[in-house]
Amino acid sequence: MNNINIDTSYIKYNNVAILGHFVSALSMIILYYDKNRLVIPYTESYLKWNSVSSNSTCPLGSRDFNTNDGRYCITSTTSPVSCDSDNNCYGVDLGWLIISFHLLSLAAVTNFVGPIFGYRYIDMVISNKNPLRFIEYSFSASIMLIAIALLNGVTDINLITSIAVLTSACQLCGLAVEYTEIKKIKWLLHLTGWLQFCWAYGIIGHAFFKSVNSSDGVSPPSFVYVIVIVLFLLYASFGFVQLSELIFDINPSTKEKSYVILSLTAKLFLGWMIFSNVLLLS
């Protein structure tokens, strides 16, 4: 692989992408600075034992349980994870969450400052292995999917954690694909990544359509459905790059350029699409 004539134009694209994310982060900080903080509280669901009289009826969805100490209705309850005496509940500031998303594009810095822990961007691309890309994605993709989930009403801290872990594991599967030479293992890791990604986004999709179906016949505008589909396709586009690599023999520089262009376009579009919602809600 080292004997291949590598086109290094992807470095210019990556520098532009870094600049684009830096300018976006700075612009968002300026726009969000004097806004009310959009803090979405985390919730958690658990079973609550309610002591009831023998002739009362348990609410729909709860379980009736008789004991020697009396009768109970066991009901699933959802409440904020933690709140203080001023009713400020533990949660995440969605504005700063999106801003942090744009501050995770630093791989190319190693071309200027030298190798960091043995990693130098251009050398890793030539070797067709770029671990820092997938490590960065494991954070940035998780951050963005968490933001999308929160905006769609997924606030349960266990579901949010699951989405983050599934997304990170998906990216690490992509990393492992680049480090194994066995084709069958490559496909197994790649398809496992798709399973994790689709399951994480499926949690968000379920919340969205549950909201639609519970709106008493009032449906969101058509563009809302388009946004949900577009967000999914933008995320999936990164997986299609590796899928193409497994099917065709792609030059390492072409592969890297594809990822960089997606970072420049899809990630910026995703960031601003979600941040515009933050500005409207705050």
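Keep in mind that this is a model prediction, so the values were computed, not measured.
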Check the pair Leu246 / Val177 against side-chain contact (heavy atoms from CB on, under 4.5 Å), numbers first and verdict last.
CA-CA 9 Å; Leu246 292 176; Val177 167; 4.1 Å; yes

Pairing donors with acceptors under 3.5 angstrom, does anything connect the side chains of [X] and [Y]?
{"X": "Ser56", "Y": "Arg71", "value": "yes"}
{"X": "Tyr137", "Y": "Ser168", "value": "no"}
{"X": "Ser45", "Y": "Ser76", "value": "no"}
{"X": "Tyr32", "Y": "Asp93", "value": "yes"}
{"X": "Glu44", "Y": "Asn158", "value": "no"}

Would you indicate whether [X], at its atom [atom1], is surrounded by more than 12 heavy atoms from other residues, nucleotides or ligands within a distance under 6.0 Å?
{"X": "Tyr46", "atom1": "OH", "result": "yes"}
{"X": "Lys183", "atom1": "NZ", "result": "yes"}
{"X": "Tyr72", "atom1": "OH", "result": "yes"}
{"X": "Trp199", "atom1": "CH2", "result": "no"}
{"X": "Ile247", "atom1": "CD1", "result": "yes"}
{"X": "Phe22", "atom1": "CZ", "result": "no"}

side-chain contact (heavy atoms from CB on, under 4.5 Å) between Trp96 and Met28, worked out
CA-CA 9 Å; Trp96 285 107; Met28 288 178 181; over 6 Å; no

Looking at Glu256 and Arg133, does any basic side-chain N land under 4.0 Å from a carboxylate oxygen?
yes

Could you work out, with salt bridge (charged side-chain N to carboxylate O under 4.0 Å, His left out) as the rule, every residue matching Glu245, not counting sequence neighbours?
Lys255

Would you check, one step at a time, whether the test side-chain contact (heavy atoms from CB on, under 4.5 Å) holds for Phe240 with Leu243?
CA-CA 5 Å; Phe240 289 135; Leu243 178 62; 4.0 Å; yes

Under 4.5 Å between side-chain heavy atoms, counting indirect links through other Ile/Leu/Val/Met/Phe/Trp/Tyr residues: same cluster for Leu175 and Trp187 or not?
yes

Mutual orientation of the aromatic rings belonging to Tyr201 and Phe232 [parallel < 30°, tilted 30-60°, perpendicular > 60°]:
perpendicular

In terms of ring plane angle, is the pair Tyr259 and Phe134 parallel, tilted or perpendicular, where the classes change at 30° and 60°?
perpendicular

Locate the shortest heavy-atom distance separating Glu178 from Lys186; write the atom from each residue and the value.
CA-NZ, 4.4 Å

Considering only heavy atoms from C-beta outward, does the side chain of Thr75 approach that of Trp49 to under 4.5 Å?
no

Student check: side-chain heavy atoms of Thr78 and Asp156 closer than 4.5 Å
no

Among all residues two or more places apart in sequence or in another chain, which pass the side chain to side chain donor-acceptor pair (under 3.5 Å) test with Arg63?
none

